[in-house]
Amino acid sequence: SVREQLTPIATKSSFLQTGTLTPEEFVRAGDFLVDKCPTWTWAAGAEAKRKGYLPNDKQFLITRKVPCRKRVWEIESEYGNESERLVSVDSATVANPAGEEVDPDSWIETHVGHVASHAAPVDAEIVDEGVDALAQRAAALSVQQTSAPDRPAEDEIPDIEEELEGEFGTGLDQPADAGTLSAQSAGFENSSNIIKTRTYDMSISYDNYYKTPRVFLAGFTPTGTPLTPQQIFEDVSSEHAHKTATVEQHPHERGGATFVGVHPCKHAEVMRRIVQMGEEQSEGQGEGKGMKVEWYMMIFLKFISSVLPTVDYDYTVSL
Amino acid sequence: MSPLQFSQFTCAVSTSFWHRLRDLKLDAFRLDDQKRQIWASYSLPSHDATNSPPIFSLGYEAFTDLAVPPAPLDVAHLAIPSAADGFPSSAIPVPGTIINTNTLDEFKSLDKRQALADAAQLVWDDIQSGAALACPDLLSRFLLVTFADLKKFKFYYWFAFPSFSIAPTPAPSATPPEASAGNPWTVTLHAPPRALGDDWSASDISSLVSAVKQHTLPPSSSTPVFFISRHADTIQFIPLSSASSYLASTTSPLLLFIDPSSLPTNPAWPLRNILALLRLSFSLSRIDVLAFRGLTSSLILPVTMSGLPSLSTPPTGWVPNAKGQLLPRLVDLSSAMDPRLLSASAV
């Protein structure tokens with residue numbers, strides 16, 4: 001965007017004070033993520049969209065074909081009213097359920113009780129003392145309850161299949177083949193796990209206006225059709241869909257395809273709080289080493305998992 | 001003896017591929033509907049995938065060289081795309097052919113049977129000439145037939161992964177068929193698939209995983225299939241091009257292939273043509289296949305083959321739609337492409 005272009009490039013580190021990153025720190029935090037979580041890789045993207053303040057081969061981070069087994073409404077109804085907490089810097093500012101007097105800097109953490117399925121292995125500890133613990137401290141500052149949304153209709157095989165049947169008849173006659181696994185024998189047809197498992201390509205770019213990472217999503221249905229933005233919003237927590245998550249062009253990908261992006265206007269503030277709590281925690285324990293900027297991306301991904309609670313991307317580290 | 005069944009790909013075509021095809025159709029191809037070379041890719045199953053069919057990815061980067069005709073591929077100069085072309089470094093590129101018709105009627109009336117037979121013939125020729133031994137990527141060649149309805153932002157498409165027909169497993173009482181051209185090709189498991197962890201120690205598996213990563217990832221990138229030779233603590237990878245001496249030197253050959261499937265008993269489709277190559281070129285009848293899926297879910301498949309693959313039976317490979325019918329698919333991208341709808345949803 002123009003605003004992004006006109007903003008000078010940050011060179012002075014201030015992530016402890018403001019929660020923002022310089023491009024150089026974005027690369028360092030990204031390198032650490034790629035090193036610890038091999039499912040993430042750096043990508044160069046389109047040459048025409050290259051940002052000069054980032055290395056050519058490290059323009060953005062991407063992880064591909066990440067499973068997403070449930071829709072948000074499923075876990076929102078599972079965890080019900082107790083699943084959302086308002087993260088606020090000022091514990092005095094607790095809003096009423098109608099949402100008036102909400103601290104403008106607050107961020108709703110959703111699905112507090114939900115644990116992504118990959119988080120189970122014991123060796124997959126979160127960074128050092130645990131980003132989880134930090135996020136929970138952040139969450140504990142103040143709590144607001146909201147109600148779960150109405151349950152939308154189940155995904156159905158779209159009418160488009162019917163349309164093709166009308167145009168093409170019953171299909172090609174291909175001889176039976178003993179080596180082909182049919183959908184029936186694989187059990188896909190009866191397995192709700194397969195039927196509902198979407199896959200996402202998720203990328204993280206650097207936003208020079210907000211000076212924070214920024215998340216973009218493109219996804220596929222279980223049968224390989226690209227998800228529409230409306231469908232992607234089903235995997236964004238209801239508090240964020242259409243508000244902080246919007247349809248946008250990817251800053252680095254070629255081809256003009258649209259993606260769902262998570263708007264970064266609140267990222268720095270949330271990150272600043274989590275980072276500062278980490279600081280206080282380590283000071284309290286007499287460690288005195290403080291938060292390292294390398295951990296930023298892990299913490300950021302932990303925080304984004306409250307926006308995308310069912311997208312099982314990897315942000316765990318085995319130490 | 002149970003038949004070995006291969007899982008077909010779920011084909012994930014990104015919207016950016018359709019954007020790219022639209023732009024090329026408007027600016028470069030126009031009414032030229034000749035076959036063209038494209039590239040897609042597949043990867044290991046995601047880190048925690050279980051019971052998922054393999055995913056085949058087609059994106060903006062599919063058209064690497066617009067001037068290259070699809071067949072025959074000049075193996076000596078086959079430019080396998082890399083990260084520089086926009087392919088993920090962990091992905092295995094697959095060459096294919098696209099036929100983009102000009103009208104919906106042409107898309108419908110295109111002789112699908114013949115198109116698949118032609119595509120299978122390419123694989124057959126590469127096996128016979130030895131090209132596939134030098135470059136096993138050629139075995140996974142695919143066919144994509146498309147029609148782009150640019151006014152309505154609708155894209156019709158149909159994938160085929162050509163392979164030679166596999167006959168039903170003969171009943172145990174029947175006399176085992178001999179390896180002659182007269183007998184149809186069968187592929188069976190003479191024992192149930194077992195987890196790699198049953199045969200290999202955890203430390204052997206982790207050294208295998210890092211060796212495979214080094215062997216297949218850039219800059220030393222190599223094809224996704226090779227033989228394994230284990231002596232004491234050393235694991236050696238042997239390319240298919242050295243198959244004769246390898247097979248002569250061992251009584252229990254072990255083949256590793258990068259398996260994008262995470263199904264508990266079924267490998268992904270590319271193994272089919274790899275086995276066809278080994279059967280046709282070396283009359284191999286028994287081999288252990290290591291379906292490599294990463295640290296935790298790799299399988300050993302004890303494979304027995306009889307008969308011979310041939311083109312006298314029509315080849316197989318058209319991918320059915322979501323309902324299991326042999327019909328093309330349609331994606332409606334009006335919500336992602338139509339400027340009127342886009343401006344309405346812009347925030």
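Note on naming: letters A, B, ... go to the chains in the order of the sequence lines (proteins, then strands), and numbering restarts at 1 for each one.
Contact of V187(B) with chain A is not made at all, since no heavy-atom distance falls under 4.5 Å. Looking at S14(B), the atoms closer than 4.5 Å to chain A (heavy atoms on both sides) sit in the backbone and in the side chain alike. Neither the backbone nor the side chain of L44(B) comes within less than 4.5 Å of any heavy atom of chain A. Looking at W185(B), there are no atoms closer than 4.5 Å to chain A (heavy atoms on both sides), in backbone or side chain. For a residue to count as touching a neighbouring chain, one of its non-hydrogen atoms must lie under 4.5 Å from one of that chain's; by this rule F17(B) does not touch chain A. At a 4.5 Å heavy-atom cutoff, F159(B) makes no contact with chain A through either its backbone or its side chain. Using a 4.5 Å cut-off between heavy atoms, T221(A) makes no contact with chain B at all.
Here the side chains of D177(A) and Q5(B) are not in contact, with every heavy-atom distance at 4.5 Å or above.
Ranked by non-hydrogen atom pairs under 4.5 Å with chain A, the options T316(B), T10(B), D23(B), T188(B) are led by T316(B). Between chain A and the options T15(B), L4(B), V13(B), the largest number of non-hydrogen pairs under 4.5 Å is found for V13(B).
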Is there a side chain to side chain contact (heavy atoms under 4.5 Å, CB included) between T223(A) and R329(B) once you walk through the steps? CA-CA 10 Å; T223(A) 58; R329(B) 298 187 187 222; 3.5 Å; yes

Before giving the answer on side chain to side chain contact (heavy atoms under 4.5 Å, CB included), spell out for K65(A) and S57(B) the whole-Å C-alpha distance, their side-chain angles and the decisive distance to 0.1 Å. CA-CA 9 Å; K65(A) 304 295 176 285; S57(B) 298; 3.1 Å; yes

Let me see the working for L326(B) and D173(A) under side chain to side chain contact (heavy atoms under 4.5 Å, CB included), right down to the final yes or no. CA-CA 7 Å; L326(B) 282 172; D173(A) 186 22; over 6 Å; no

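Nearest heavy atoms, A178(A) versus P3(B): O-CB, 4.3 Å. A pairwise comparison of heavy atoms in P226(A) and V331(B) identifies CD-CG2, 3.8 Å as the closest pair.
Rounding to the nearest 0.5 Å gives a distance of 8.5 Å between CZ of F220(A) and CD1 of I55(B). Here S43(B) contributes atom OG and R64(A) contributes atom CZ; the two are 8.0 Å apart, rounded to the nearest 0.5 Å. One distance of note links CZ of F161(B) with OG1 of T180(A); it measures 12.5 Å at 0.5 Å rounding. Atom CH2 of W269(B) is separated from atom CG of L181(A) by 9.5 Å, given to the nearest 0.5 angstrom. Atoms CG and OG1, from L333(B) and T228(A) in turn, are 10.0 Å apart once rounded to the nearest 0.5 Å.
Residues forming a side chain to side chain donor-acceptor pair (under 3.5 Å) with H19(B) (at least two apart in sequence, or on another chain): none.
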